[in-house]
Asks: 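The structure under discussion is supplied below as structure tokens; questions concerning it will follow.
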Amino acid sequence: MTRKPTRCLQLRRLLNSPQLEFLLEAHNGISARIVEQAGFLGIWASGLAISAQFGVRDSNEASWTQVVDVLEFMSDVTSIPILLDGDTGYGNFNNMRRLVRKLEQRQVAGVCIEDKQFPKTNSFIDGEKQPLAEVDEFCGKIKAGKDVQADKDFCIIARVEALIAGWSMAEALRRAEAYHAAGADGILIHSKLSRPDEILEFAQEWSGRAPLIIVPTKYFSTPTEVFRDARISVAIWANHMLRAAVDAMEQVSAHIKAEESVADVEHRIASVSHIFELQGAAELSAAQDRYLKPAARTQAIVLAASRGNALHELTEDRPKVMISVGGKSLLQRLTAEFKRQAIGRVIVVAGYKAETIDVGGVEVVQNPDYATTGELTSLECAASRFEDDMVILYGDLLFRSYILRDLLDSPGELVVVVDSALEGSHKSGTQDLAYCSRADDRSLFREPVHLLRIEEKTGSATPDRPTGRWIGMLRARARGRNWIAQALAELRADGDLAQLTIPDLLNHLVRSGRVVQVHYIHGHWLDINQLDDLDRAGDFAQSHF
Ligand code: SPV
Ligand code: MG
């Protein structure tokens, strides 16, 4: 087994790579993880961004140990190298030695120090007024760091601030050369101009004596090709994660303040489950399965045997569950939702073109008589695999994640999801109208509601009014599972199972005195019956990230 190179070696390789490489800024654990997930090969732990996320100034107001603590979180959740923006090294050569030791202990791959004086100020604030360090003193700091590092590949980058402070190109080059001779593994040449001219001139004069690093914050509009042509080793996008986060937070907070509601922002911001993902929740639940008594597993049973005739040629070569919505099949979308809710076992009851179901991680059960039978026969085909906690649903559903999550949280042995938004919906196909013990009062503290019956919409007026529409999703716990198994047996004994539907099963259960709980929702789902539904589904899927 080949081992991944150490992070120090990874950083060294980026520095020495013949092509232009990139680091992106991160300022805490979650942003570091996002940078790695975006595909970057290295992270810039920016002094500006780390101080800003603390809400303090980039003037060494945060202590160096506070910075190192942040680095520890960043390092723990990533595997790519982190280059710390170590300001001036937080003191003299001795502070630098201790910093290097502490960074190595936390697997930080390198540190960049700048030739200014402690406490430093950000280069873009009155750069010209900032005193530079003495060259010899700064060289001593570099040497001290190099002498103390334990890993030969730990990188020390020397940052030249001469151009920022208004000194000449000759002075910048003189300093870079001295730092290189003192052992620096690379030179960061900084500029506050909006054009890259002085950086390019420096690069030309420097002519590859050591890897050259730049921070195009001010000359951001320069085409990246220009840096490649100038043989720059590494470009650092130094503050963009922080600025993106601040912008998003300002917009969202203003919106919530004005609206006094979060209803409208919910789908513009990261879902809570995505946050869990970034926190590595899946690893913890896998570990819990290993180290704690295994919790009861929830399984999903997807009824997907039908072709979906009203979709015409779209289902010529595949069942409805395999048609694509926004680049992903309905089944892929469902399995992603299951994964989000930690539903590990997925059973798909297939019939029409069952062989085309190729979504990873699902168990396919066949209903060989799909052409002449209905949903209950399909459900019966999965009966031998029933477990004590299961969600049963139609394969043509799209829904917001919270619907399944809330269903899993709701009490009851058997719970059906009913949409109380009857008016103004565009639902096509059969409507399974639900008559329940109470209408949805949409209040926080809901009274228990149970199902009275489900009726297919016929257009004929009935004396009582439906309180919603069953969306095609239910959940059964251990006793609910037994009720279902028993009801299937009874209906089979009656001899008419083949043509029956899930609503028939639910009505049978209610008639037998079983309590079927109702979990109300209000919109935020759709099913796909006709071509028209597909456009809506595309929009729905897109707005759902
Ligand atoms: C930082 O990211 O903190 C830097 C780069 O040092 S700059 O802000 O451009 O000085
Ligand atoms: Mg900085």
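In each ligand, atom 1 is the first atom listed, and ligand 1 is the first ligand listed.
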Asks: Would you mind finding which of R159, E114, E161 brings a heavy atom closest to atom 6 (O) of ligand 1?
Replies: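 Looking at heavy atoms only, R159 sits closest to atom 6 (O) of ligand 1.
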Asks: Could you tell me the separation between the CD atom of E198 and the CE atom of M169, rounded to the nearest 0.5 Å?
Replies: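 Going from the CD atom of E198 to the CE atom of M169 covers 5.5 Å.
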Asks: So H524 and H267, would you call those rings parallel, tilted or perpendicular, with 30° and 60° as cut-offs?
Replies: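 Aromatic pair H524/H267 classed perpendicular.
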Asks: Give the numbers and elements of all ligand 1 atoms closer than 4.0 Å to a heavy atom of H190.
Replies: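 Those atoms are 7 (S), 9 (O), 10 (O).
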Asks: Please answer whether the main-chain N or O of L242 pairs with a side-chain N or O of Q53 as donor and acceptor at a distance below 3.5 Å.
Replies: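 A pair under 3.5 Å: no.
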Asks: Can a donor-acceptor pair be found between the side chains of S273 and R405 at a distance below 3.5 Å?
Replies: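 Side-chain D/A pair, S273 to R405: absent.
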Asks: Which is the closest N/O/S atom of D85 when seen from the Mg ion (ligand 2)?
Replies: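 Nearest N/O/S atom: OD2.
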Asks: Return the residue, atom name and 0.1 Å-rounded distance of the protein heavy atom closest to atom 2 (O) of ligand 1.
Replies: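 Nearest neighbour among protein heavy atoms for atom 2 (O) of ligand 1, to 0.1 Å: S46 OG, 2.7 Å.
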Asks: Would you please indicate if the ring centroids of H27 and F54 are separated by under 6.0 Å?
Replies: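 No: the rings miss the under 6.0 Å criterion.
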Asks: Does the N or O separation between V215 and ligand 1 drop below 3.5 Å for any pair?
Replies: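 For ligand 1, there is no N or O atom that lies under 3.5 Å from one belonging to V215.
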Asks: Can you sort out which atoms of ligand 1 are near A238, meaning under 4.0 Å from one of its heavy atoms?
Replies: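 The list of qualifying atoms is 2 (O).
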Asks: Heavy-atom distances under 4.0 Å are what count here, so tell me which part of D85 touches ligand 1: side chain, backbone, both or neither.
Replies: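 The answer is the side chain of D85.
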Asks: Compute the shortest N/O to N/O distance between K120 and ligand 1 and return yes if it is under 3.5 Å, no if not.
Replies: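 There is no such contact.
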Asks: So is there a nitrogen or oxygen of L48 less than 3.5 Å from a nitrogen or oxygen in ligand 1?
Replies: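 Yes, L48 has an N/O under 3.5 Å of an N/O on ligand 1.
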Asks: Using the side-chain contact (heavy atoms from CB on, under 4.5 Å) definition, which of the options T335, L334, V302 pairs with V362?
Replies: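 Single side-chain contact (heavy atoms from CB on, under 4.5 Å) partner of V362 among T335, L334, V302: T335.
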Asks: Give me the nearest non-hydrogen protein atom to atom 8 (O) of ligand 1 as residue plus atom name, then the distance to 0.1 Å.
Replies: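 Here the nearest protein heavy atom works out to N122 ND2, 3.0 Å.
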Asks: Strictly distance-based, threshold 3.5 Å: is any side-chain N or O of H180 a donor or acceptor partner for the main-chain N or O of R209?
Replies: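 Yes.
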Asks: Counting each atom of ligand 1 from 1 as listed, which ones have a heavy atom of S123 under 4.0 Å away?
Replies: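 Matching atoms, with element in brackets: 10 (O).
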Asks: Is the closest side-chain donor-acceptor distance between R106 and S75 under 3.5 Å?
Replies: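 The answer is no; no qualifying pair exists.
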